[in-house]
Protein chains: 2
Amino acid sequence: MSRSGAINPVPRPVPSDAALPSSSETEEIDFEVIELLFFAYRDFTSDPDAILDTSGFGRAHHRVVHFVNREPGLTVAALLETLKITKQSLARVLKQLIDSGYITQVAGPEDRRQRRLYPTERGRELALALARPQSRRIANAFQGMDENGRAVVKAFLSGMINPARTDASDKTG
Amino acid sequence: MSRSGAINPVPRPVPSDAALPSSSETEEIDFEVIELLFFAYRDFTSDPDAILDTSGFGRAHHRVVHFVNREPGLTVAALLETLKITKQSLARVLKQLIDSGYITQVAGPEDRRQRRLYPTERGRELALALARPQSRRIANAFQGMDENGRAVVKAFLSGMINPARTDASDKTG
DNA sequence: AAATTATGTCAACATAGCTGACATATTCGA
DNA sequence: TCGAATATGTCAGCTATGTTGACATAATTT
């Protein structure tokens, strides 16, 4: 606080919080679950991040390797749709992954304009190495839950996801 | 993450964890839940993002306003611990929020070095506006679940979070 | 009085998004 | 068959949000 000076030096007992709007604000915001989601996801991603740090890749690479591994033969357009990013964003990380031998491209058998993406053996290993700690964390969080409880969790997560758009509008900027 | 610089990441297949001699490869990676978490969180954050877009703030501002609103009187150090970012990262967004009248600082009543953070009325409104759609989404995902089901979901999310560090080590760079 | 702590700030840099514009190959439709 | 549309690539530059390192100031602790 060097130069700016005057920072409310007065120890007043907290800005009057007293005047709650209180109108028909019976809205109960679920702050608890909002925060649980924030912290859960933050820690969930910290696992692979630690591994990626040692390999020179980032979270963006992780996502690409993951989905290509999960759905070999994916087209670039489909990957963009899944990640909901622009092709220019994808281009950088995809190029690095291809150049480093984690992913290969094959011209589409029917539509040769397409570049279908496949993981190499190395790509598969990386995807697995990154997924492993996340899967362990999930298994740990599932500890003590029966199959029904797990189904409830999955239903909740599914319910958090936007319904798939059938629209297929342009996103290729 | 990463100051690693060098494009073309080292092709080594990630620490000791990766090679797996395929011996007891009974590992079942829970790709399903991994992806559910990815999509759920992506869509979960897209709600406030849309609002923030119109106000010139970003996701980082959202987090700060959220936690200050949730815990008025928070110290800067506590906020850094919660967000797990560096003070230099926080500085930018916090300054903007203070300058725009969303957050105020008050010298700590006991330790006057502290800058305790409080939301202004406007800050409270913003926090609420951002939380509202997220809370709605959560309520929607909870649809049809009884109290027990909701408790299971919360237990799962809690189980995903790292145990709190008691350590309190330096992070202030 | 000296050391430590809480916070702020300057400077430089990395990652991963974005828009806009344009190029190439391929496919499709009139 | 030719022109439009499509799938992809790429250049250039911008923004948001993280990082380190170094140093400043005020207040507290030892």
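Chain A is the first sequence line, chain B the second, and so forth, proteins listed ahead of strands; every chain is numbered from 1. In what follows, every heavy atom counts, from backbone to side chain, and hydrogens, waters and symmetry copies are set aside.
Remark: C1' of C:dA6 and CD of B:Glu81 are 15 Å apart, rounded to the nearest angstrom. Note: CD (A:Gln96) to C1' (D:dT10) measures 15 Å, nearest angstrom. In this structure, B:Leu83 atom CG and D:dT19 atom P are separated by 10 Å, rounded to whole Å. The interatomic distance linking B:Lys87 (NZ) with C:dA11 (P) rounds to 16 Å, in whole Å. A straight line from CG of A:Leu94 to P of D:dA7 spans 17 Å, rounded to a whole angstrom. For the pair A:Leu80 CG and C:dT19 C1', the interatomic distance rounds to 15 Å; values are reported in whole Å.
The nucleotide whose nearest atom lies closest to any side-chain atom of A:Arg63 is, among D:dT17, C:dG17, D:dC23, C:dG17. The side chain of A:Gln88 lies closest to D:dT10, out of C:dT7, D:dT10, C:dA11. Considering only side-chain atoms of A:Ala60, the nucleotide from D:dT10, C:dA16, C:dA11 that sits closest is C:dA16. Comparing C:dT7, C:dT9, D:dT17 against the side chain of B:Lys95 picks out C:dT9 as the nearest. Candidate nucleotides C:dG8, C:dG17, C:dA16 were compared by shortest atom distance to the side chain of A:Ser89, and C:dG17 ranks first.
With hydrogens and angles ignored, the 3.5 Å screen pairs a side-chain donor or acceptor of B:Gln134 with a backbone N or O of B:Phe44.
Applying the ring pair (Phe, Tyr, Trp, His ring centres under 6.0 Å) definition to pairs two or more places apart or across chains, none involves residues 80-99 of chain B. Residue pairs satisfying the salt bridge (Lys or Arg N to Asp or Glu O under 4.0 Å) criterion with at least one member in residues 139-162 of chain B, sequence neighbours excluded, are listed as follows: A:Glu32-B:Lys154. Sorted by first and then second residue, the salt bridge (Lys or Arg N to Asp or Glu O under 4.0 Å) pairs involving residues 41-53 of chain B (not counting sequence neighbours) are B:Asp47-B:Arg137, B:Asp49-B:Arg59.
Within the nucleic acid shown, A:His62 has no heavy atom closer than 4.0 Å to any nucleic acid atom.
For the contact set between residues 47-59 of chain B and DNA chain D, defined by any heavy atom under 4.0 Å, the members are B:Gly58, B:Arg59. For residues 105-116 of chain A, proximity to DNA chain C is found at A:Glu110, A:Asp111, A:Arg112, A:Arg113, defined as any non-hydrogen atom under 4.0 angstrom from a strand atom. For the contact set between residues 37-45 of chain B and DNA chain C, defined by any heavy atom under 4.0 Å, there are no members.
In terms of the side-chain contact (heavy atoms from CB on, under 4.5 Å) criterion, residue partners of A:Glu121 (sequence neighbours excluded) are, by chain and number, A:Arg124, A:Glu125. A search for side-chain contact (heavy atoms from CB on, under 4.5 Å) contacts involving B:Ser100 returns B:Phe57, B:Tyr102, not counting sequence neighbours. With sequence neighbours left out, the side-chain contact (heavy atoms from CB on, under 4.5 Å) criterion links A:Ala141 to B:Phe156, B:Met160. The side-chain contact (heavy atoms from CB on, under 4.5 Å) check on A:Ile29 picks up A:Glu27, A:Phe31, A:Ile34, B:Leu128, B:Ala131, B:Arg132, B:Ser135, with sequence neighbours excluded. Every ring pair (Phe, Tyr, Trp, His ring centres under 6.0 Å) that A:Phe38 has, sequence neighbours left out, goes to B:Phe67.
Applying the 4.0 Å criterion to OP1 and OP2 of D:dT17, one finds that B:His61 has a side-chain N or O inside that range.
Separating the CG atom in A:Leu97 from the NZ atom in A:Lys95 is a distance of 11.5 Å, to the nearest 0.5 Å. Note that CG of B:Leu52 is 11.5 Å distant from OG of B:Ser46, once rounded to the nearest 0.5 Å.
The 5' end of DNA chain C is approached more closely, in terms of each residue's nearest nucleotide, by B:Ala78 than by the other of B:Ala78 and B:Arg92.
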Pairs under 3.5 angstrom only: tabulate donor-acceptor contacts from the side chains of residues 68-77 of chain A to other protein residues two or more places apart or in another chain.
| from | atom 1 | to | atom 2 | distance (Å) |
| --- | --- | --- | --- | --- |
| A:Arg70 | NE | B:Glu35 | OE2 | 2.6 |
| A:Arg70 | NH2 | B:Glu35 | OE1 | 3.4 |
| A:Thr75 | OG1 | A:Ala78 | N | 3.1 |

